[in-house]
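Here the structure comes first, spelled out in structure tokens, and everything after it is commentary.
Bear in mind that the values here come from a model prediction, so they are computed numbers and not experimental data.
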Amino acid sequence: MSSPRLIIANRNYSSWSLRAWLCLRKSGVAFEEELLPLDTPEFAARIGDLSPSRTVPALWHDGRCIWDSLAICEYVNEQFAAGGLWPADPGSRALGRAMVAEMHSGFGHLRAAMPMNFRARNRAVPQTEGLRGDIRRMLALWQGAREAHADAGPWLLGEFSIADAFFAPVVVRFGGYGVALPPGLLAGYGDTLRRDPDFRHWQSQAARETWVVEADEAGQECDS
Ligand SMILES: N[C@@H](CCC(=O)N[C@@H](CS)C(=O)NCC(=O)O)C(=O)O
């Protein structure tokens, strides 16, 4: 078996890359990374050979290309984590999958108004009804998951799972856009992520990045 190779984009902006990368790290498998900076001639020149959808992340392994973040997380779970990136309990697993699917296809207002940017500090955006609704829904989703799994560990479903990989970028956004996590289980959940060594590793690499996409100033970095 060859070692997997993950194609990612800027660590500051690419939330979909972060999700796949976190799952690979948590699986413990050794993997290579190749970073293509968004909005650069290098990205335009290389992406067609590396990802059929022309998006990142893309995972290459044993001659296969998996080009979507959720499909990558599920592949990593099967191939390198012996299923350990989902809880053993079928109900918890189903909840996690529903949460991740909702993140992957929903939260349009939040994704449009609050793109992930590790550099963002105290950003203010118009508080539309749609955005407020997405934030309420997000917090309710997390609260329900934490309440049901508080005895099983500090992550959303107890132990770290794909759900945590999927919501990590939202914790980052809430930090940059001044959305406070309510005290108790959710504040604790934010702390769990921010203290996690793998998350911190990504964050410290993001801090060393120098590329800035033009959209950064306008808050339109990446559909994340
Ligand atoms: N549904 C895809 C979305 C991936 C996506 O949109 N990635 C962005 C970077 S975060 C991208 O590659 N954009 C390409 C571009 O802007 O040219 C997934 O989950 O992997």
Nearest heavy-atom pair of [X] and [Y]: which atoms, and what distance?
X	Y	value
T192	P154	OG1-CB, 3.5 Å
L157	G96	CD1-CA, 3.6 Å
L70	V100	CD1-CG1, 3.2 Å
V125	A113	CG1-O, 3.5 Å
A81	L85	CB-CG, 3.8 Å
A20	I72	CB-CG2, 3.8 Å

Using a 3.5 Å distance criterion without hydrogens, assess whether the side chain of R173 forms a donor-acceptor pair with backbone atoms of P115.
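Side chain of R173 to backbone of P115: no pair is present.
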Is there a donor-acceptor pair under 3.5 Å between the side chain of S51 and the backbone N or O of I47?
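Between the backbone of I47 and the side chain of S51 there is no qualifying donor-acceptor contact (under 3.5 Å).
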For residues 26-35, which side-chain N or O atoms pair as donor and acceptor with protein atoms under 3.5 Å away, sequence neighbours left out?
residue	atom	partner	partner atom	Å
K26	NZ	D196	OD1	2.6
K26	NZ	D196	OD2	3.1
K26	NZ	D198	OD2	2.9
S27	OG	L24	O	2.7
S27	OG	V29	N	3.2
E33	OE1	R11	NH2	2.6
E33	OE2	W21	NE1	3.0
E34	OE1	R5	NH1	2.6
E34	OE1	R46	NH2	3.3
E34	OE2	R46	NE	3.4
E34	OE2	R46	NH2	2.5

Heavy-atom side-chain contact between [X] and [Y] under 4.5 Å:
X	Y	value
W211	Y13	no
L139	F174	yes
R123	N117	yes
E74	W86	yes
W16	V56	no
D151	H149	no

Residues in salt bridge (charged side-chain N to carboxylate O under 4.0 Å, His left out) with E159, at least two apart?
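Here no residue qualifies.
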Apply salt bridge (charged side-chain N to carboxylate O under 4.0 Å, His left out) to E147 and list each qualifying residue two or more places apart in sequence or on a separate chain.
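In terms of salt bridge (charged side-chain N to carboxylate O under 4.0 Å, His left out), with neighbours along the sequence ignored, E147 is linked to no residue.
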May I have the step-by-step check of side chain to side chain contact (heavy atoms under 4.5 Å, CB included) for I135 and Y177, ending in yes or no?
CA-CA 11 Å; I135 293 171; Y177 291 81; over 6 Å; no
Could you pull out all residues at least two apart from S69 that satisfy side chain to side chain donor-acceptor pair (under 3.5 Å)?
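With neighbours one apart ignored, the set is empty.
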Kindly write out the residues that satisfy side chain to side chain donor-acceptor pair (under 3.5 Å) with E209, not counting sequence neighbours, or none if the list is empty.
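Side chain to side chain donor-acceptor pair (under 3.5 Å) list for E209, sorted by chain: N12.
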Contacts of [X] that satisfy ring-ring contact (aromatic ring centres under 6.0 Å, His included) - sequence neighbours left out:
X	result
F43	none
Y75	H61
H109	none
W67	none

Is the closest side-chain donor-acceptor distance between R19 and S15 under 3.5 Å?
yes
Contacts of type side-chain contact (heavy atoms from CB on, under 4.5 Å), residue A71, not counting sequence neighbours:
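Applying side-chain contact (heavy atoms from CB on, under 4.5 Å) to A71 gives I66, D68.
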Pairs meeting criterion salt bridge (Lys or Arg N to Asp or Glu O under 4.0 Å) with involvement of residues 98-109, two or more places apart
E102-R137
Pairwise distance CG(N10) to CG(L18) - rounded to 0.5 angstrom:
12.5 Å
Hey, what do you get for CG (L38) to OG (S17), rounding to the nearest 0.5 Å?
7.5 Å
Trace of the side chain to side chain contact (heavy atoms under 4.5 Å, CB included) decision for V172 with W202:
CA-CA 12 Å; V172 176; W202 176 282; over 6 Å; no
Name each donor-acceptor pair under 3.5 Å that joins a side chain in residues 161-170 to protein atoms two or more places apart or in another chain, with its distance.
residue	atom	partner	partner atom	Å
S161	OG	A163	N	3.1
D164	OD1	L156	N	3.0
D164	OD1	Y189	OH	3.1
D164	OD2	S161	N	2.9

Can you check side chain to side chain contact (heavy atoms under 4.5 Å, CB included) on M114 and D134, steps first, answer last?
CA-CA 11 Å; M114 297 181 165; D134 274 3; over 6 Å; no
Residues, nucleotides or ligands: over 12 heavy atoms within 6.0 Å of D62 CG
yes
Are L95 and L185 linked, directly or through intermediate hydrophobic residues, by side-chain heavy-atom contacts shorter than 4.5 Å (ILVMFWY only)?
no
